[in-house]
There are 2 protein chains.
Amino acid sequence: MTLSEEDYIKAIYHLSKDDKGNVSTNAIAAQMDSKASSVTDMMKKLAEKDVVHYKKYQGARLTDKGKSYAAKIIRKHRLWEFFLVEKLNFSWDEVHEIAEELEHIKSEKLIEKLDAFLDFPRTDPHGDPIPDKHGNITKVEKILLSSAKNNEKGIVIGVKDSSSDFLRYLDKLGISLGKEITILHKEPFDNSVMINLDGEKTSISALTANNIYLKIN
Amino acid sequence: MTLSEEDYIKAIYHLSKDDKGNVSTNAIAAQMDSKASSVTDMMKKLAEKDVVHYKKYQGARLTDKGKSYAAKIIRKHRLWEFFLVEKLNFSWDEVHEIAEELEHIKSEKLIEKLDAFLDFPRTDPHGDPIPDKHGNITKVEKILLSSAKNNEKGIVIGVKDSSSDFLRYLDKLGISLGKEITILHKEPFDNSVMINLDGEKTSISALTANNIYLKIN
DNA sequence: CAAGATTTTTAGAAATGTCTAAAAAATTAT
DNA sequence: ATAATTTTTTAGACATTTCTAAAAATCTTG
Ligand SMILES: [Mn+2]
Ligand SMILES: [Mn+2]
Ligand SMILES: [Mn+2]
Ligand SMILES: [Mn+2]
């Protein structure tokens, strides 16, 4: 599989995460920052290789083979991100881009040895689960901060948006994985959320609250 | 610079190591396992980018820019090899192929952090020097085992051939970097060399002796 | 349901990197 | 110094990946 094919497979995987149906040509083009016509070409090729189901005008979805392949790329991506943060002291907003390249390195043995060296981490620096070597992903119960109720208390276990900009903003707010947050009040006017973080009252915008995952209890 | 361009730059660098002159089109093709016509095409492109001096029918050599670029790729290659052996417990015959991919990962910051994580190693697992971040390479005095004289004693500090086959053969002989070898006798008939290794007499073929570097004294 | 709008595909082209076969230049040998 | 040989370049082709523009299909809406 070429680098380009792998990136398309990953894009379809991420677009399929939420809803089960087919992913539209335009949605893939947007995700890949390419054009619909390029997607059509690629879908024909990936269908030929049996990694996607594709019918004209009906979008695409991954086959079992495609899903397994996607999980392997994501496993590599997240293990490398973990390595960059834990061993090389990168911050969580710097690693995505580099992992985007490292995820395409081909050796199976490399990734198993890396996994062992890192002591078999379960989640990446953004709280996302690392698939095991068979492609199985452990789902963790989590809710968006924006949907937590008053007086609920939770631990930050992930982010929905893992762009550099958002992650650096969280750094500035003092929010990182593992922090305890208590919901004090939800403001109906602008859907902002007043929280208790490290014993201090802080107001979080609706957009921010909608991109932080909490584990409740 | 593309992956392909980087591999050509590296090939010219390695071919230029010994003699200073221009490298022939055919020599590059042989090194790259490609065809002379492909090399001609690529040399035109690399000359356009000012990394090689190239004149029709006269071969190519790296410009200063090209040399500096080559040193950077080789730095990455050798740091990754060191990482694979020292941190991930690969054996020295397994790492070249993987480093061949890793050397193309683009982040400058990554390689500086990797260097620090590895505690600034000076040589790779095959005894080859790791260029510093400015591309400077420290030359180490060394001779081929085949050119050592009777009764000379030396430390194995490198190999000329670092193919898997040769390295695995050295493993079998019990020869690794750091081992002390004493030359007992050179057999004129087949140029084989009788050595003392770990207190035992061993005979080394001319070919083998011609691919092991020693530091004398 | 019939425009009208949107999405998707096709057609055609460009850039990259590679190859084979043939031509041209350089080198070696007679 | 010619001829034979080897090296190198050119010409033309193919596979990938991508794009723009235009056509076709599907969806939306009055
Ligand atoms: Mn990628
Ligand atoms: Mn991540
Ligand atoms: Mn390479
Ligand atoms: Mn090496």
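Treat the numbers as computed from the prediction; the structure is a model and nothing was measured. Naming convention: chains lettered A, B, ... in sequence-line order (proteins, then strands); numbering from 1 in each chain.
- Contact annotation: A/Lys35 reaches the phosphate of D/dT20 (side-chain N/O to OP1 or OP2, under 4.0 Å).
- Distance, A/Gln58 CD to C/dT8 P: 11 Å, rounded to whole Å.
- Distances shown here put every side-chain N or O of A/Thr40 at or beyond 4.0 Å from the OP1 or OP2 atom of C/dT8.
- No donor-acceptor pair closer than 3.5 Å links the side chain of A/Lys87 to the backbone N or O of B/Phe117.
- Residue B/Met42 contributes atom CE, which lies 14 Å from atom P of D/dT9 at whole-angstrom precision.
- In this entry the distance linking OH of B/Tyr57 with P of D/dT6 reads 17 Å, nearest Å.
- Nucleotide D/dT18 holds its P atom 9 Å from the CG atom of A/Asp7, rounded to whole Å.
- Between B/Lys72 and B/Glu6 no salt bridge is recorded (no basic side-chain N to carboxylate O distance below 4.0 Å).
- Between the CE atom of A/Met32 and the P atom of D/dT18 there is a distance of 6 Å, given to the nearest Å.
- Within the structure, every side-chain polar atom (N or O) of B/Lys56 is placed at least 4.0 Å from both OP1 and OP2 of D/dT7.
- A 6.0 Å sphere centred on CD of B/Glu187 holds more than 12 heavy atoms belonging to other residues, nucleotides or ligands.
- A close approach under 4.0 Å does not occur between any side-chain nitrogen or oxygen of B/Ser4 and OP1 or OP2 of C/dT16.
- On a pure distance criterion of 3.5 Å, a polar donor-acceptor pair joins the side chain of B/Ser37 and the base of C/dT20.
- Contact check, A/Asn26 against C/dT8: a side-chain N or O comes under 4.0 Å of OP1 or OP2.
- Looking at the side chain of A/Tyr54, the nearest of the listed nucleotides C/dT9, D/dT10, C/dC19 is C/dT9.
- Computed from coordinates, the A/Lys55 NZ to C/dT9 C1' distance equals 16 Å when rounded to whole Å.
- Regarding A/Asp41, its CG atom lies at a distance of 12 Å from the C1' atom of C/dG12, rounded to whole Å.
- Crowding of A/Asp33 atom CG: a count of heavy atoms from other residues, nucleotides or ligands under 6.0 Å not exceeding 12.
- For the pair B/Ile28 CD1 and D/dT9 C1', the computed distance is 14 Å after rounding to whole Å.
- With a 6.0 Å radius and a threshold of 12 heavy atoms from other residues, nucleotides or ligands, B/Lys106 has its NZ atom above the threshold.
- A/Thr25 comes within 4.0 angstrom of sugar-phosphate atoms only, judged by non-hydrogen atoms across all strands, and of no base.
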